[in-house]
Amino acid sequence: MPHRPTASDATPLKDAARGLRFAFDKGRATLKQALPLSLLPEALAKAAGSALAGMDQITNAAERQTRALARSLLPEDTSTTTSLDDLTDAAGAEHRFAAAFYRGMQFSLRALGVDTALISETTASATYAQSLHHGTAASDTALAARLMPALIAAGTLRDATLPATLDMTFAELTRLATFATLLALLSDDHDLTVTLPACANMALALRSEIAAAQNDEAALHRLFDEFRHHV
Amino acid sequence: MSDHHFPQTTEPLRVAIRRLRWFRTAFAQQLAEVTAETGVRFTLDDRKLAAAFVQWLRHVEAQKPGDRTQRRAYFDFASGLMLRDLLRDLPITAGPLPLDADLSRAEYYWPEGFACTVFCLNMHAAVVEQEFDASTTTTPKFFDIRHWWSFRENVAEDANTAIGFFDVFVGLEPEWQIPDSFRLRLDRALIAKKNAERLSA
């Protein structure tokens, strides 16, 4: 009997494709900074430009192939309408959670001013599965409070290109984006595209409390409970 | 001052206003109406608005009375508190005034303060109408520029005074000493009522 692909087969591939794109985008930005094409002699600038374009083509092709392989194993879930309750209720909860968390983090980071980031869906999935080993959480807000420090510690946000204008460190960005994403998954409106900008601004308004809470599940639980119905 | 038009919602306004997304849409809509009437454009800072909203929400939730007979007084208080928090964080910046702007009118003398005040007055009127089937009025002091000179100067020194000015504009007796305490406001109202009864006895 042929091997039946599962979500866990495909998620690392999706992450690999995303990692490739991120590494290329970051490398390209660094190269562009280091190689000001406009200042180079014409012949050299042309050669450097061609090299960058060639790299772009290779990366695009590799990314396309990896994504296609991932899609052939598991169709990509691009839905933006979801809630933590719905996710945890179904079979394969960890993969559904990880896919929603990935999309949520993309929106959160963008709302916080970061367009290029590397988020690991595989790590989010594993972290969720691991959190279930500690028993069922008393409520969805308790689960979010349990997940938040675990997702941060596991490094679900691997890397990000921070704009010079951003007024926070990578660690704070991770905390705020993770809080905003979980808050959006708890809110009454389940459309992440509309809730996340508001959740990100709310996280910014609460930044000192979120920083002070660190790994304190009780404090995070109180914050999620206090604001989930006010997004 | 514009009529109170707010975004559609299936929830009572007192609930909708405690959701950041609705609050933001309602505020932006009121700014657009002020712009249409005055010609002054505003830039809205969403982060500052969220900060003001969070502060306001926490204060109103913390002081919510258990006694239902105090609801009307609480809605009056919450509206003044909203003005205080908006003026403290000031999430809007006014653009250039029209060439023919009359600086003896509040909307041109202090466009940001005027826009925030109009929003809170209209929100207060809409909630009172929905919850109590009652109408509210704006006193002549709202249209008196001398009150706006004092309003702006006092708020610059102490944002809490915005609550007192809101009360003046809607015809309530202002509390200037500790304006951000609902309990004190109720106690004072109770004493005033008893004194009035004693005098009339």
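It should be emphasised that the depicted structure is a prediction, and the values quoted were computed from it without experimental measurement. Just so it is clear: chains get the letters A, B, ... in the order the sequence lines come, proteins before strands, and each one is counted from 1.
With a 4.5 Å cut-off on non-hydrogen atoms, A:Ala203 does not touch chain B at all. For chain B, no part of A:Ser187 is nearby; none of its heavy atoms comes within less than 4.5 Å. B:Glu61 touches chain A through its side chain: at least one heavy atom from C-beta onward sits under 4.5 Å away, while N, CA, C and O do not.
Remark: B:Arg19 engages A:Asp188 in a salt bridge, criterion side-chain N to carboxylate O under 4.0 Å.
The 12-atom threshold is exceeded at CG of B:Asp67, counting heavy atoms of other residues, nucleotides or ligands nearer than 6.0 Å. Sparse packing is recorded around CZ of B:Arg41, with 12 or fewer heavy atoms of other residues, nucleotides or ligands lying under 6.0 Å away. Atom CZ of B:Arg72 is surrounded by more than 12 heavy atoms from other residues, nucleotides or ligands within 6.0 Å.
No donor-acceptor pair under 3.5 Å is formed between the side chain of B:Arg47 and the backbone N or O of A:Ala205.
Interatomic distance, NE2 of A:His230 versus CZ of B:Phe53, reported as 7.0 Å (0.5 Å rounding). To the nearest 0.5 Å, atoms OG1 (A:Thr195) and CG (B:Leu20) are separated by 11.0 Å. B:Leu57 contributes atom CG, which lies 6.0 Å from atom CZ of A:Phe227 (distance to the nearest 0.5 angstrom).
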